[in-house]
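Treat the numbers as computed from the prediction; the structure is a model and nothing was measured. Keep in mind that the numbers below use all heavy atoms, side chains included, and drop hydrogens, waters and symmetry copies. Just so it is clear: chains get the letters A, B, ... in the order the sequence lines come, proteins before strands, and each one is counted from 1.
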Amino acid sequence: MSISIDPSTLSTHFDSKLAEDKWGRAWTDTDLHRFDEGGEGARYVIDTPPPTVSGSLHVGHVFSYTQTDVLARFQRMCGRNVFYPMGWDDNGLPTERRVQNYFHVRCEPGVPYESGLSLPMADKAVRKEPVRRVSRANFIELCLALTAEDEKAFKGLWQRLGLSVDWSLEYSTISPDSRRLAQWSFLDLHRRGHVYQVEAPTLWDVDFRTAVAQAEVEDRPKKGAFHNLRFGVEGGGGFVIATTRPELLAACVAVAAHPDDERYKELFGRRAITPLFRVPVPIFPSPLVDREKGTGILMVCTFGDATDVQWWREEGLPLRQVVGRDGRLAPAEFGSEAFPSLDAEAANRYYQGLAGRTVREAQRAIVEMLRDPAGAAAGHGEPPLAGEPEAIEHPVKFYEKGDRPLEFVSTRQWFVRLLDRKQELIDAGERVRWHPDFMRMRFRNWTENLQLDWCISRQRYFGVPFPVWYPLLEDGAPDHSRPILADERSLPVDPLTDVAPGYGESQRDQPGGFTGEPDIFDTWFTSSLTPQIATGWVGAPERHKRLFPMDLRPQSHEIIRTWAFYTIAKAWLHEETIPWRHVAISGWVLDPDRKKMSKSKGNVVTPMHLLDEYGADAVRYWSLSARLGTDTAFDEKVLKVGRRLVTKVFNASKFVLAQSAPDGPVVRVLDVSFLARLQETVERATTLLEELDYAGALDAIERFFWSGFTDTYVEMVKSRARSETDAEGRASAVAALQLGLKVVLRLLAPYLPYVTEEAWSWGFARTQNAPSIHRAAWPSSEEFARLPSIDGGGAAFDASCAFLEAVRRGKSGAGATVGRHLARLRIAASPATTRLLEPCLVDLVAAARAEGEVLEAREGLEDGSFEIIDLELAEPRPRS
RNA sequence: AGGCGCGUGGCUCAGUGGUAGAGCGCUUCCUUGACACGGAAGAGGUCGGUGGUUCAAUUCCACCCGCGCCUACCA
């Protein structure tokens, strides 16, 4: 059944805003993207990345999320029952920091709860006041309130973009369901023996005052200096060590040099004496020492770096923790058992000038002390500082969201044991298909280099609490060796308000009673469960079984070591499986100078004005023309190209559907040949999309739409589609045009959902019995099956295009426009090409605006090439 | 330092063992009956460098240079 619309009833231009509003609402009202829970057919299950709702949106969000959406839409049109949820990762430090700044507050657990506290955004005046201290419960309420706001903004953007998310599957990582699953995960890992707690040196951020995991650590180049310090040796003599951290001298517990280093060999086994504090420490050999670095001999402290921690363990060294959790030097009593000294009085005098100071301040202070000869290890002689500090630049470990270097601080933390499962995790990573494939290396590389088990406890507030209490001994100290775990039926629990099993509230924090674990989980401990949260997992085991492992995990490459890694680890530890079969890694959006966009650089592009200016379809086009895994410089030109394509789809649809003819089969060679090329495009695009190469598919579709359909075929059959004399030819042309459009619109639908839906609604929605193009079937070869067969397939169409091109070139060379009529036209082609074009010639002559016999065979010409023998313009026709 | 990726017209990016592609920008031209939020034609590249394999290399291999990222590097 062919369609004929009156184009004058349609607007001249496509109004993207109107369409977005109209169709966005229609899709919501009809539950168009709803996953069919009871559906028996093939499913396609997506583990959508829950964005951190930090309040700020940028084009990077648009970019990667659209790349997922196009795959979801493709799969849905292929008839799969698509499970496409959206989550919000709302808990964690970024949120806490945003809430602190937004309301100008700090969480202070000791402060009493203020019922009904709600604060406005802090203005300038408020910011000048001292920070407002609020209780933990109030702080959490503020976090929840602000993230709810932020989530609204994100959801608005997603809907405007046309993400075909099933919003009934929306979740957040702080919701009661997520808390329950995260706590259940902890209990399960505990049951399986995968978690442990230990008091041990841990990477510690002194500003956030929390432990952090290896995955959240990054190195930053920092200026520092080698300080050469003279150490004494018991029984006389001395040597010079080099250190970048002289402020840790009081924490020195040993001295080490390379076992083969002739300079220091005779020192091994003897004891060194530190300057200022005059602490005797062992001198031991270690192959880990680099003879070339510094002076080749170094001091071992509590703790300057990871090697110090290693030596502390291996050599059984004592603990002298001088850097406190707040980043200041803690009090120390020299002459005590922990801090021995040959001259305790002098040591304490020196240390008094350091205690309470920050690490930076302490370094400045101690360097001055070290210039005093009285500080020498022997109590006299040369000053401990040999020469001036030598400035160097070296990498320093920072928490990725922190501002001051991390310290190793010995604290009690919970860990998930991973180091003994490296190989299993690497193998699991190999069983997942990575797109592009080389991203697999990132995962492998990271896993192989893993140094520490996963520290999952954070000394923070807005997050999922550990479902754990501890008994209090008679002296009131908690007994961490006997944690009381929550009953899994009681989850989620908050041990700070819920009572430990077997106790009464009156026993909280009383000797002989219990105390709640105040720590919360690392955010990744919960976000690594997004597949399980989305499926329902323990609460819905049957559903979980149906949906897990999932099909697709889209994400960006910088979080392979966190999100992908932890998610694979969790799935392995809990169920000995992989969480998903495919991972699609999106690239970054870079600024036009190819620099990473970041708030601190101030080069972030926000998306809303782009949607207003170019329309959602054009913005999607920009996102979808970038290949997976490839970083893309933001370029507004591509948005313009997208908008041009949208316009073209709109106009071409209008034209095609305005043609009318009685129903009839496609019979003409040109029409069949055109459709043969289209069919190839369908096959190619389908193959590429199945391989997640949406950008390659778009390229193929767009190229055909533009140069095969609108620039050429439409022009070739314009005349016949309106013919008053050739009824059969007219029917064939209109049928082919409409079939072509019907196919092309569906090919473009996942990319440009709004304009294709609009055009679809003009007729195909009715004739195809598919009210929405997004639930219409993806084009397949079957639709081309009833066409007559012709020799050469698309060859006649290709030759026709080349013919038209030659004519246009000729006209342009003669200074005429495409539409100019020709008084005379003679073109030569090879005999084979002439034969091939014979059945198409009527159309081509009409399209050329010529008359009569125009094509003649000539030996010696290459097949498919044309030579203009004669071309004479007709007199310009006056406009009627 | 190791690994991975990238280097193609002014710009953004495709692509391929056999004559180099698109869009933008640029030049010239056009309000033709879907479309000026359009259209036609044209100029513009020794495909980072050097070797090698091959009848043939921009494509495969080796080395080098430049850029980016990941990992390691706090004495």
**Student:** Where the side chain of A:Asp219 is concerned, which of B:G5, B:C70, B:C73 is the nearest nucleotide?
**Tutor:**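 Output: B:C73.
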**Student:** Choosing from B:G3, B:C74, B:C69, which nucleotide comes nearest the side chain of A:Met441?
**Tutor:**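 For A:Met441, the side-chain atoms sit closest to B:G3.
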**Student:** What is the distance, rounded to the nearest whole Å, between atom CG of A:Asn445 and atom C1' of B:G2?
**Tutor:**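 Value for this atom pair: 9 Å.
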**Student:** Salt bridge check, A:Arg245 against A:Glu407: does any charged N sit closer than 4.0 Å to a carboxylate O?
**Tutor:**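 Salt bridge: yes.
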**Student:** Between atom CD in A:Gln214 and atom C1' in B:A72, what is the gap in whole Å?
**Tutor:**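 In whole Å, B:A72 C1' and A:Gln214 CD are 11 Å from each other.
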**Student:** Round to a whole Å and report the spacing from CZ of A:Phe438 to P of B:G68.
**Tutor:**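 From A:Phe438 CZ to B:G68 P: 17 Å.
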**Student:** Could you run through nucleotides 34-41 of chain B and give me one letter per nucleotide, 5' to 3': B if any protein heavy atom sits under 4.0 Å from the base, S if only the sugar-phosphate is that close, - if neither?
**Tutor:** BB-BSSSS
**Student:** If I take atom CZ in residue A:Phe443 and atom P in nucleotide B:U71, what distance separates them, rounded to the nearest angstrom?
**Tutor:**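 Result: 14 Å.
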**Student:** Does the pair A:Glu715/A:Lys718 count as a salt bridge with the N-to-O cut at 4.0 Å?
**Tutor:**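 The answer is yes: the pair qualifies as a salt bridge.
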**Student:** Is A:Glu680 salt-bridged to A:Arg684, going by a charged N under 4.0 Å from an acidic O?
**Tutor:**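 Salt bridge flag = no for A:Arg684 with A:Glu680.
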**Student:** Counting only side-chain nitrogens and oxygens, does A:Lys397 get under 4.0 Å of the OP1 or OP2 atom of B:C73?
**Tutor:**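 A:Lys397 to B:C73 OP1/OP2: side-chain N or O found under 4.0 Å.
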**Student:** Reckon A:Arg561 has a side-chain N or O less than 4.0 Å from the OP1 or OP2 of B:U71?
**Tutor:**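 The answer is yes; a side-chain N or O of A:Arg561 sits under 4.0 Å from OP1 or OP2.
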**Student:** Students often get this wrong, so: under 4.0 angstrom with heavy atoms, is A:Phe650 touching a base, only sugar-phosphate, or nothing?
**Tutor:**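 Nothing, no nucleic acid heavy atom in range.
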**Student:** State the pairing partner of B:U46; accept Watson-Crick or G-U wobble contacts with both distances under 3.5 Å, and report none otherwise.
**Tutor:**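 Pair assignment: B:U46 / none.
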**Student:** Students often get this wrong, so: under 4.0 angstrom with heavy atoms, is A:Pro7 touching a base, only sugar-phosphate, or nothing?
**Tutor:**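 The answer is nothing, as A:Pro7 stays clear of every strand by at least 4.0 Å.
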**Student:** Any strand counts, and the cut-off is 3.5 Å on both contacts for Watson-Crick or G-U wobble. Which nucleotide pairs with B:G51?
**Tutor:**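 Its partner is B:C61.
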**Student:** Between A:Arg404 and A:Asp205, is a salt bridge (Lys or Arg N to Asp or Glu O under 4.0 Å) present by the stated rule, with each step listed?
**Tutor:** CA-CA 7 Å; A:Arg404 284 200 280 170; A:Asp205 185 284; over 6 Å; no
**Student:** Considering Watson-Crick and G-U wobble pairs with both distances under 3.5 Å, what does B:U32 pair with?
**Tutor:**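 Paired with B:U32, as far as the under-3.5 Å criterion goes, is no nucleotide at all.
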**Student:** One thing to verify: whether A:Arg440 and A:Glu430 come together as a salt bridge, which I'm taking to mean a side-chain N less than 4.0 angstrom from a carboxylate O.
**Tutor:**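 A salt bridge links A:Glu430 with A:Arg440.
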**Student:** With sequence neighbours excluded, what pairs up with A:Thr562 under the side chain to side chain contact (heavy atoms under 4.5 Å, CB included) test?
**Tutor:**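 Once residues adjacent in sequence are excluded, the partners of A:Thr562 under the side chain to side chain contact (heavy atoms under 4.5 Å, CB included) criterion are A:Ala215, A:Trp524, A:Ile559, A:Tyr566.
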**Student:** Any ion pair linking A:Arg291 and A:Asp261 (charged N to carboxylate O, less than 4.0 Å)?
**Tutor:**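 No, A:Asp261 and A:Arg291 are not salt-bridged.
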**Student:** Contact class for A:Ile392 vs. all strands (heavy atom < 4.0 Å): base, sugar-phosphate, or nothing?
**Tutor:**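 Answer is sugar-phosphate: A:Ile392 comes under 4.0 Å of backbone atoms only.
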**Student:** Indicate, with a heavy-atom threshold strictly under 4.0 Å, whether A:Val300 touches base, sugar-phosphate, or nothing.
**Tutor:**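 The residue A:Val300 makes no contact with any strand.
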**Student:** Can a donor-acceptor pair be found, under 3.5 Å and without considering hydrogens, that links the side chain of A:Arg820 to the backbone of A:Ala874?
**Tutor:**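 Present.
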**Student:** Scan nucleotides 9-19 of chain B nucleotide by nucleotide, 5' to 3', and note B when protein non-hydrogen atoms come under 4.0 Å of the base, S if they reach only the sugar-phosphate, - if neither.
**Tutor:** --BSSSS---B
